[in-house]
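Numbering starts at 1 and runs along the sequence shown. If you're wondering where the values come from, they're calculated on a predicted model, not measured in any experiment.
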Amino acid sequence: MGIVERQEQLASFATALAECQAGRGRLLAVTGSLASGKTTLLRVFTERAAAAGLHVIRATGARTERELPLSLVNQFCHDFPFEIFNGNRAELVREVHSTAMRHGQRSAVPGPQLATMLHKASVTLLTASERKPVLVVVDDLHHVDPLSLHSLLYLVRRIRNARILVVVSGGDLVEPTDPQLYAELMELASENHLTLPPLSRRGVGELLAEALGDQPCDALVDACARASGGNPLLIRTLITDLQNSGGFTVDREGRILPARAYTSAVRRYVERCDPLTRRVLAAAALFDRCPPAGPLTLARLAEVDIEAARRALSSLGSSGLVSDGWLPDLRARQAVLDHLPTAALTNLHLRAAQLLYEEGSAPLPVARHLLAAGWAPDWASPVLSAAAEGLLGTGDTELAVALLRLAHDGARDDVERAALKVALFQAEWRTDPAAAGYRLGQLADAARAGRLSVAARVATAHGLLWLGRTAEAAEVLDGLAGLEADAEQRAEIRFFTVWARFTHPGLLGDEPEEPQVPRCSADNVVNTRDALAHALETVLAKGPNSAAVVAAERALPRFTLRGSGMASHAAALTILVYADHLETATLWADRLLAQAGERRATSWQAMLTAIRADISLRSGQLADAQRYAEDALGMMSRESWATAVGVPLSTLLLAHTARGQLDQAGRLLDQPVPDAMFETVWGLHYLQARGCYYLQTGRAAAGLDDFTTCGDLMARWNFDLPALVPWRVHAARAHLELNQPEKARALAESQLTQLGQEPSRTKAAALRVLAAAGPLAQRPTLLREAAEMLRACGDRLELAHTLADLSQAQRSSGDFHRARMTVRRAWDLAGDCQADALRRRLLPDVDDTVPESADDADTEALNSLSDAERRVAALAAQGSTNRQIANKLFVTVSTVEQHLTKVYRKLNVTRRADLLVKLGPRISNIA
């Protein structure tokens, strides 16, 4: 590559060359940072001097020859032309060798002998210059031995009127072998001093254009300028790396990715620095701008004085490797640190951690240095824990666990060590509960010994319950009851006790007869966790109600995703789901799933996805329910799911069954489940799902056995909650399949007596069974009431089943036209839900002659109806009286009559029966 942005230096050399040829010798000094292009510039000087007819004598200082006497003079001797010196060269070489050997053997060199040798060499060179101008070039003068520096000074002082030009180069990051002699030489060249600054952005662009053969884009020029700092060597190595990689690319942050050539150049750069500069450079590489380090901080870390650090940073900055006290490129930083011995690097990390800690730095930078050193001093545990907590909030669980392990190893006492075990357990639980479970035995022991806080005991009990270790969990829970706790801790204990009673109903005996009212604090504020515990107790005792829903909705935004169990979120979502507030539950489940994804907490994601699957199933979205359940099962191993595997497994089983995918459902049942699952609420879900599969496959007796097992367990646990598992409804369906309508009716009526006045999907399901078991004349009324409830609850699948039953009742009553309309609506809903099993059952009854949609005129007429008119028309078409419509819509009968008058006029009909023909399959969309 050519010389870029060095025209001024080339012009100065041309002037000096001309004066040399005219008999005015001089000393020219070229200085600059390491790898600034000094050697390249000297090569160009040499080529131009040779082309001008000068005889060139070259020598280079080397780090390995700093202690070798007269190494420079020895190199000069080999460039002396034999034809000029007539054999005197051999004698001169012998004298140089003899003097060097005496000096190397620590023999005193006689003054006259050294003077004689220098005089003879100088006279010989001066004489030669009379015949032909001479260029003496010395590269890396800072490495030249002291005796050679003496010799060079001797010559320079005698070339003023000779045709000899001496050009030397020196760097500013290396300590000269003899600072005094080096300074004296530079002083002699003070009027002829050429400094090489870093290349500008334009210069970088010129080098890239030369390599590319075309003008580079601005992004590439900027990236190379930032990575190299204008250092010619680094720019050339970047170009080499980019060419070797087959293309010139810039990442999203405007950086290029250097490779081997660049890092090798940085290593050579480090090797050429003096020890003090290397220490400052290592300190700058270690801090990595986290936090930004000034000269004082770097000086303390490098253990040099502040002025030395400033000088080193100035020189490193001019080299392009360091900018504002740090190394911008990651590979450059690593190359610098790789140069350090392991012990030195460890010590440097420890000093950096101590320094940052004393300066009040943020925890994470301190923790990173401690982790790199692999050592935690006495003061380190709180810092490491704080850093780990921050990392868990951003989803870097792996690094957080590493920091917590280091803190645990450096814990000062058993209490601190136990607390760190809990923190480790909770962090590891996020990604793999089964792997985290190996700590539970130690945590249970720590709880017995009184070394765990309330929150730690709760986390331990949660893990034990999840993994099916109920006896140990009960022991930890019993220990919680006897603890002295403040209001916040009491609320936490109460909530988890209620949650444990819900998930493991038989663990703590009978539930309390009446929920305990939440206590207010001194400033009359109810603790959120206490309020949620009260709401969950209410659900367990009386079923979901509006107050419980309000408490759940208030709790969800006040809890953050943290800890090992996210029980608070699960409890709040459970209340919303059981109360049929599916839209709100969906909103919060999706929001929490996004947060869990940001934190990369696999176990949280899995549980929330399982809840999301259950919401989709209850909404009649079978495909979504199947997808969510499969995703949830795929996020964790069965060992990590443990007893909670019943949540996604039962949802997936029900989805497959409803979609008619019985082979897939059967394969799910072939998979083993833990026995401990049947001691939990999730076991009830599984029994319900399996029973429904048996009903669908014609094994009603087996299904009835599963449903009654649910009932027996719930009775034994004093946990009969229809919103959770309406086992009576399912058992009644089994009795219907077994041609036992009286037993079915008794179970359905019993279920209805347990439910309040508020509409619910469970109540609608019970009405549907009651209709099937009752007289034909009562069926349409019961089924229409059930359909209205299901529309309000949003359960489209159960609504499709209810409409299918209604169409059968209408057909049996001789109302064939209405039956055809109803079955078409059931068919459409079943299609929306992808309930293929129901669609296959309905297929023979679907009248293909019924149009899928009205003609354009009917569509225009329908669009002309207001929202209120649409609702009235839909209810009237379904057979509701004016008074029933008024009660449902909370309006007067007169208002209903007025709306119907307008509807008749707009749709051009005269009676209710005509409304059904006009609206047809649109009714389900209107209602």
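Between H656 and L662 there is no side-chain heavy-atom pair separated by less than 4.5 Å. The shortest distance between side-chain heavy atoms of P674 and V645 falls below 4.5 Å. Looking at E785 and E788, their side chains never come closer than 4.5 Å, going by heavy atoms from C-beta outward. Here the side chains of L467 and T643 are not in contact, with every heavy-atom distance at 4.5 Å or above. With contacts defined as side-chain heavy-atom distances shorter than 4.5 Å, the pair Q621/C833 does not qualify. The side-chain heavy atoms of W717 and L684, taken from C-beta on, include a pair separated by under 4.5 Å. Counting heavy atoms from C-beta outward, R699 and Y693 have side chains that approach closer than 4.5 Å. Using a 4.5 Å heavy-atom cutoff, the side chains of R716 and D712 are not in contact.
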Kindly list each side-chain donor-acceptor pair under 3.5 angstrom involving residues 767-774, sequence neighbours excluded, with atom names and distances?
unit_1: R768; atom_1: NE; unit_2: D805; atom_2: OD2; d: 2.7
unit_1: R768; atom_1: NH1; unit_2: E798; atom_2: OE2; d: 3.0

Give every donor-acceptor pair under 3.5 Å between a side-chain atom in residues 577-586 and any protein atom, sequence neighbours left out.
unit_1: D580; atom_1: OD2; unit_2: R761; atom_2: N; d: 3.1
unit_1: T586; atom_1: OG1; unit_2: L582; atom_2: O; d: 2.7

Exercise. Might you work through the side chain to side chain contact (heavy atoms under 4.5 Å, CB included) test for K743 and L738, ending with a clear yes or no?
Key: CA-CA 10 Å; K743 292 183 179 180; L738 295 170; over 6 Å; no
Quiz item: Yes or no on salt bridge (Lys or Arg N to Asp or Glu O under 4.0 Å) for K763 and E758, after CA distance, side-chain angles and deciding distance?
Solution: CA-CA 9 Å; K763 190 172 184 178; E758 295 182 0; over 6 Å; no
Quiz item: When you look at L747 and Q751, which way does the side chain to side chain contact (heavy atoms under 4.5 Å, CB included) test go after all the steps?
Solution: CA-CA 6 Å; L747 284 170; Q751 187 73 89; over 6 Å; no
Quiz item: For L573 and L592, what are the C-alpha separation, side-chain angles and deciding distance, and is it a side chain to side chain contact (heavy atoms under 4.5 Å, CB included)?
Solution: CA-CA 10 Å; L573 289 174; L592 292 170; 4.1 Å; yes
Exercise. Could you walk me through whether S760 and M789 pass side chain to side chain contact (heavy atoms under 4.5 Å, CB included), step by step?
Key: CA-CA 6 Å; S760 67; M789 290 185 187; 5.9 Å; no
Exercise. List the steps, then state whether salt bridge (Lys or Arg N to Asp or Glu O under 4.0 Å) holds for R745 with E742.
Key: CA-CA 5 Å; R745 183 186 301 113; E742 293 303 321; 2.6 Å; yes
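Side-chain N/O atoms of T895 and T892 include a donor and acceptor closer than 3.5 Å. A donor-acceptor pair shorter than 3.5 Å can be found between the side chains of Q754 and R728. For the 3.5 Å distance criterion, the side chains of Q688 and D706 fail to qualify, holding no donor opposite an acceptor. The closest side-chain donor-acceptor pair between T497 and R501, if any, does not fall under 3.5 angstrom. Judged by distance alone, the side chains of R529 and S568 do bring a donor and an acceptor atom under 3.5 Å apart.
Taking the six-membered ring for Trp and thresholds of 30 and 60 degrees, W682 and H504 have ring planes more than 60 degrees apart, a perpendicular arrangement. Ring orientation note: the planes of F678 and Y686 are nearly perpendicular, at an angle over 60° on the 30°/60° scale.
Salt bridge D828/R825: absent, no basic N to carboxylate O contact under 4.0 Å. E472 has a carboxylate O that lies under 4.0 Å from a charged side-chain N of R469, or vice versa, which qualifies the two as a salt bridge. No salt bridge links D486 with R490; every basic N to acidic carboxylate O contact stays at or beyond 4.0 Å.
In this structure, Q426 and A459 approach most closely via the heavy-atom pair NE2-CB, 3.3 Å. When all heavy atoms of A485 and I493 are compared, the closest pair comes out as CB-CD1, 4.3 Å. Of all non-hydrogen atoms in A589 and R612, the two that sit nearest each other are CB-CD, 4.0 Å. Residues L465 and A500 come closest through the heavy atom pair CD1-CB, 3.7 Å. Smallest separation of non-hydrogen atoms from R791 and L803: NH2-CD2, 4.4 Å. Closest heavy-atom contact between P433 and M636: CD-SD, 3.6 Å.
The CG atom of D705 sits 4.5 Å away from the OG1 atom of T709 when rounded to the nearest 0.5 Å. L799 CG to L829 CG: the interatomic distance, rounded to the nearest 0.5 Å, is 5.0 Å. L783 contributes atom CG, which lies 11.0 Å from atom CD of Q778 (distance to the nearest 0.5 angstrom). Summarising the geometry, atom CG belonging to L653 is positioned 6.0 Å from atom CG belonging to L668; distances are rounded to the nearest 0.5 Å. Separation of atoms CZ (F719) and CG (L540) is listed at 5.5 Å; rounding is to 0.5 Å. One finds the CE atom of M714 at 5.0 Å from the CG atom of L724 (value rounded to the nearest 0.5 Å).
Annotation: cation-pi geometry not satisfied between R638 and W641 (NZ/CZ under 6.0 angstrom from ring centroid, within 45° of ring axis). A cation-pi contact, defined as under 6.0 Å to the ring centre and within 45° of the axis, links R839 to W827.
With ring centers used as reference points, F496 lies 6.0 Å or more from W499.
Looking at W466, its side chain does come within 3.5 Å of a backbone N or O of S640 through a donor-acceptor pair. Side-chain N or O atoms of S603 include one that pairs as donor or acceptor with a backbone N or O of W429 at under 3.5 Å. The backbone N or O of V647 lies less than 3.5 Å from a partner atom in the side chain of T651, making a donor-acceptor pair.
Remark: R883 CZ is loosely packed, at most 12 non-hydrogen atoms of other residues, nucleotides or ligands lying under 6.0 Å away. Within 6.0 Å of atom CZ in R841, more than 12 heavy atoms from other residues, nucleotides or ligands are found, so the atom counts as buried in its surroundings.
For R779, the salt bridge (Lys or Arg N to Asp or Glu O under 4.0 Å) test picks out no residue, with sequence neighbours left out.
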